[in-house]
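Have a look at this one before I ask anything.
All values below come from the heavy atoms of this structure, side chains included, with hydrogens, waters and symmetry mates left out.
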Amino acid sequence: MHPLDASATDVASWRALASNAIEPNVFLSPEFVQPLLREMKTDRRLYLLIAEDLRTGEWLGLSLFEVSPWSIFSPFPVATGLVSPYVFQHGWLISCRHARRAIGALFRHQLEQRQWHGFHFKNLPIGSIQTYLMEAVARQLGISFTISCRWERAEYVVRRNQTVDDLLQGCSKSRRKSLKRCRRHLEGL
């Protein structure tokens, strides 16, 4: 289905999946995707591919993509994650309770249809649990899984018993002075 065609029940299922995903991704939540698409006003053919438990109706996995035509990099159409200057992480929303099952269902759909010939993610977190499972399930199904380039994302690590002075030691001298001046100003308000 197109993301803007989701009913209220679909959006509730989408939200539930987003809040119980093995790796949350705000860029795949309905609160981000639907307003973005309304503002983009594009005629691109976007799809929500949903893995659903047919007994319970629970959404187990979700992929948001558009089918990109062939290019110099891929001679066949591929399913590419939503491309926008505002989307910084691609991937799928996968239920933490049914991860392998959901990934398997999404990959099996890929094998059964002929509109596109693979998934392409530009910003997939390498080394994550979900990416590891995607690679393992793809290998199990005989699907190639290729990583074309890697880079590390910035992350903030909080250590126990870390004081403000400890944090400031990681900054340059001019930055420390600026932060102290701003703190004094805030305390004076």
#### Entry: Considering all heavy atoms, the nearest Pro30-Val11 contact
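Looking at all heavy atoms of both residues, the shortest contact is CB-CG1, 4.1 Å.
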### Query
Heavy-atom distance under 4.5 Å between the side chains of Met134 and Trp92, does that happen here?
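In contact.
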#### Entry: Verify same cluster id: Phe145, Leu111 (apolar side-chain graph, 4.5 Å)
yes
### Counterpart residues, salt bridge (charged side-chain N to carboxylate O under 4.0 Å, His left out), relative to Glu187 (two or more places apart)
Arg183
### Query
Does Gln115 reach the side chain of Arg45, with side-chain heavy atoms less than 4.5 Å apart?
no
### Task
Go through the structure and list residues passing side-chain hydrogen bond (donor to acceptor under 3.5 Å, both in side chains) with Arg15, not counting sequence neighbours.
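For Arg15 the side-chain hydrogen bond (donor to acceptor under 3.5 Å, both in side chains) partners, ignoring immediate neighbours, are Glu31.
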### Task
Taking all non-hydrogen atoms of both residues into account, name the closest pair between Ala99 and Leu133 and its distance.
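Looks like CB-CD1, 3.7 Å.
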Can you give each donor-acceptor pair under 3.5 Å made by side-chain atoms of residues 173-180, sequence neighbours left out, with the distance rounded to 0.1 Å?
residue : atom : partner : partner atom : Å
Ser174  : OG   : Ser172  : OG           : 3.4
Arg176  : NH1  : Cys171  : O            : 2.7

### Task
Apply side-chain hydrogen bond (donor to acceptor under 3.5 Å, both in side chains) to Glu66 and list each qualifying residue two or more places apart in sequence or on a separate chain.
Arg44
### Task
Treating Ile, Leu, Val, Met, Phe, Trp and Tyr as nodes and any side-chain heavy-atom pair under 4.5 angstrom as an edge, say whether Leu60 and Ile129 lie in one connected cluster.
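No, because Leu60 and Ile129 fall into different hydrophobic clusters, even though each may have its own neighbours under 4.5 Å.
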### Message
Using the side-chain hydrogen bond (donor to acceptor under 3.5 Å, both in side chains) criterion, which residues pair with Ser13? Sequence neighbours excluded.
### Response
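Counting only residues at least two positions away or on another chain, Ser13 forms no side-chain hydrogen bond (donor to acceptor under 3.5 Å, both in side chains).
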### Task
Enter the distance from Met1:CE to Asp10:CG here, rounded to the nearest 0.5 Å.
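Answer rounded to 0.5 Å: 4.0 Å.
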### Task
Can you see which heavy atom on Leu28 is nearest to which on Gly91, and at what distance?
CD1-O, 3.3 Å
### Query
Which heavy atom in Glu58 sits nearest to a heavy atom in Ser95, and how many Å separate them?
OE2-OG, 4.4 Å
### Query
Which pair of heavy atoms, one from Glu52 and one from Trp59, lies closest together, and at what distance?
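Of all heavy-atom pairs spanning Glu52 and Trp59, the closest is CG-CD1, 4.1 Å.
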### Task
Could you name each residue pair satisfying side chain to side chain donor-acceptor pair (under 3.5 Å) that touches residues 124-135, not counting sequence neighbours?
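Side chain to side chain donor-acceptor pair (under 3.5 Å) check on residues 124-135 returns Glu23-Ser128, Ser128-Thr131.
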### Test log, rule side-chain contact (heavy atoms from CB on, under 4.5 Å), inputs Phe107 and Gln140
CA-CA 11 Å; Phe107 276 142; Gln140 183 182 4; over 6 Å; no
### Task
State, to 0.1 Å, how close Gly61 and Leu17 come at their nearest heavy-atom pair, and which atoms those are.
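Nearest heavy atoms, Gly61 then Leu17: C-CD2, 3.7 Å.
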### Message
Taking side-chain hydrogen bond (donor to acceptor under 3.5 Å, both in side chains) as the definition, give me every residue that meets it alongside Trp14, ordered by chain and number, with sequence neighbours left out.
### Response
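Scan of Trp14 (side-chain hydrogen bond (donor to acceptor under 3.5 Å, both in side chains), adjacent residues dropped) gives none.
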### Query
Can you say whether the rings of Trp116 and His109 are parallel (under 30°), tilted (30 to 60°) or perpendicular (over 60°)?
tilted
### Query
Taking only residues at least two apart or on different chains, which pairs with a member in residues 35-54 satisfy ring pair (Phe, Tyr, Trp, His ring centres under 6.0 Å)?
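As it turns out, the ring pair (Phe, Tyr, Trp, His ring centres under 6.0 Å) pairs with a partner in residues 35-54, which skip direct neighbours, are Tyr47-Phe65.
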#### Entry: Test salt bridge (charged side-chain N to carboxylate O under 4.0 Å, His left out) applied to Arg55 - qualifying residues, sequence neighbours left out
Asp53
### Query
Should we count CG of Leu189 as having more than 12 external heavy atoms under 6.0 Å?
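More than 12 heavy atoms, drawn from other residues, nucleotides or ligands, come within 6.0 Å of this atom.
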### Task
Name all residues meeting the ring-ring contact (aromatic ring centres under 6.0 Å, His included) criterion together with Phe76; count only those two or more places apart in sequence or in a different chain, and write none if there are none.
His117
### Query
Do the non-hydrogen side-chain atoms of Phe27 and Tyr86 ever get within less than 4.5 Å of each other?
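Of all side-chain heavy-atom pairs linking Tyr86 with Phe27, none is under 4.5 Å.
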Taking only distance into account, with no hydrogens and no angle test, what donor-acceptor pairs under 3.5 Å do side-chain atoms of residues 32-40 form with protein atoms, sequence neighbours excluded?
residue : atom : partner : partner atom : Å
Gln34   : NE2  : Pro3    : O            : 2.9

### Message
When you compare the side chain of Leu106 with that of Ile94, does any pair of heavy atoms fall below 4.5 Å?
### Response
yes
### Test ring-ring contact (aromatic ring centres under 6.0 Å, His included) applied to His2 - qualifying residues, sequence neighbours left out
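With neighbours one apart ignored, the set is empty.
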### Query
In Å and rounded to the nearest 0.5 Å, what is the CG to CG distance from Leu64 to Asn25?
10.0 Å
